[in-house]
Amino acid sequence: MEGTIKEHIKSFKDELGENIDLVAVSKTKPNEDLMQAYEAGQRIFGENKVQEMTDKWESLPKDIQWHMVGHVQTNKVKYMAPYVDLIHAVHKLKLLKEINKRGKENDRVINCLLQVKIAEEDSKYGMSPDELRAFLKDEKLSELKNVKLKGLMAMATFTDDEDQIHREFQVLQDLYEETSKTYPDFSILSMGMSGDYKIAMQHGTTMVRIGSSIFGARH
Ligand SMILES: *Cc1c(COP(=O)(O)O)cnc(C)c1O
């Protein structure tokens, strides 16, 4: 891949404009790489392991916003509860309750997205559209004062078939528009990665999660 991390950040910011947020997915990358992005003005970083994110949070500048983009195990929530800015992949009530409990302990309201399964692959986590609709109607949600649901997140199938990716992102876009009517606090639609963010931009994404196109391939 050509260009420096700084150049990649700048060109993504230009391409995405003001209305789409860039999460720089820095998993497996060393602090020096994150600092290059930071020096180019990047402040939102995404990680997929709680321990690694916490180590980075402890050693890097405090104005970084840390996003957990990966699958979260319930027993790991407590480690990130003091500082995490947004948890992207909440897929069940049990996890949301734990986030709420840990938010309360830390006197914080923790922002969360609900993960929807749009991919035809079985390997992806998330709620089906019908499960999401049922979830949002659950009366227990209003008791959870230390979490805030900010929107939806999904991953498309990893494929070269662009039509399929369009179909999957369209499902999420429709679902976001539908649920936003009853959830006016929704403001984030997190979809699009290095390989498919251009398609996500055609379906109303508000937040893309880019790793390898900024930092290079992971080993
Ligand atoms: C790793 C990861 C990304 C970034 O993937 P790239 O293809 O490197 O851009 C985005 N979202 C999630 C959930 C990830 O785990």
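In listed order, ligands and their atoms are each counted from 1.
Y197 and E15 get closest at one heavy-atom pair: OH-OE1, 2.9 Å.
Counting only N and O atoms by type, the side chains of H203 and Q170 include a donor and acceptor under 3.5 Å apart. Between E168 and T157, the side chains place a donor N or O and an acceptor N or O closer than 3.5 Å (distance only, hydrogens not considered).
Between F45 and Y38, the gap from one ring centroid to the other reaches at least 6.0 Å.
Classified by interplanar angle (parallel below 30°, tilted 30° to 60°, perpendicular above 60°), the ring pair F186/Y176 is parallel.
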| message | One pair to check against side-chain contact (heavy atoms from CB on, under 4.5 Å): L113 and I87. What are the steps and the verdict? | response | CA-CA 6 Å; L113 305 179; I87 300 176; over 6 Å; no
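A heavy-atom cutoff of 4.0 Å around ligand 1 is satisfied by the protein residues V25, K27, V69, M153, M155, M193, S194, R209, I210, G211, S212, R218.
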